[in-house]
Amino acid sequence: GRNYPDALAAGPAVGDSGGVLLLLDGQGLDGSPPARAWLTEHRSAFTLIRLVGGPAAISAAVEDEIRATVGA
């Protein structure tokens with residue numbers, strides 16, 4: 001959410017697939033309360049989650065947080 005080029009590049013692919021592009025604070029879900037709430041509210045609808053941006057944008061700890069939030 002703090003560095004837009006990854007989202008800009010991913011946007012067309014997400015839109016084409018009918019998916020949702022959710023911007024996060026790459027340092028943790030605590031920095032993105034609306035994102036945590038959305039993930040929690042919609043967790044039963046997920047069939048696939050793709051993280052875009054690599055470890056410089058989304059740390060392994062954030063990936064673990066997302067997995068724990070959605071129950072993956």
- Query: Any donor and acceptor pair, going by atom type alone, linking the side chain of R43 with main-chain N or O of G71 inside 3.5 Å?
  - Reply: no
- Least distance between heavy atoms, P12 atom then A9 atom: CD-O, 3.5 Å
- Query: Going hydrophobic residue to hydrophobic residue with side-chain gaps under 4.5 angstrom, can you get from V70 over to W38?
  - Reply: yes
- Sub-3.5 Å donor-acceptor pair from the side chain of E65 to the main-chain atoms of G28, do we have one? no
- Item | Heavy-atom closest contact (L24 atom, A35 atom, distance) | CD2-CB, 3.1 Å
- Message: Could you report the tightest heavy-atom contact between A10 and L21, atom names first, then the distance?
- Response: CB-CD1, 4.3 Å
- Message: Can you tell me how far apart CD1 (I66) and CZ (F46) are? Round to the nearest 0.5 Å.
- Response: 9.5 Å
- Task: Could you tell me the separation between the CG atom of L22 and the NE2 atom of H42, rounded to the nearest 0.5 Å?
- Result: 10.0 Å
- Message: Within the 4.5 Å heavy-atom criterion, are L39 and L29 side-chain neighbours or not?
- Response: yes
- Item | Joint hydrophobic cluster, L51 plus V20, side-chain heavy atoms closer than 4.5 Å | yes
- With side chains defined as the heavy atoms from C-beta onward, is the minimum distance between R50 and L48 less than 4.5 Å? yes
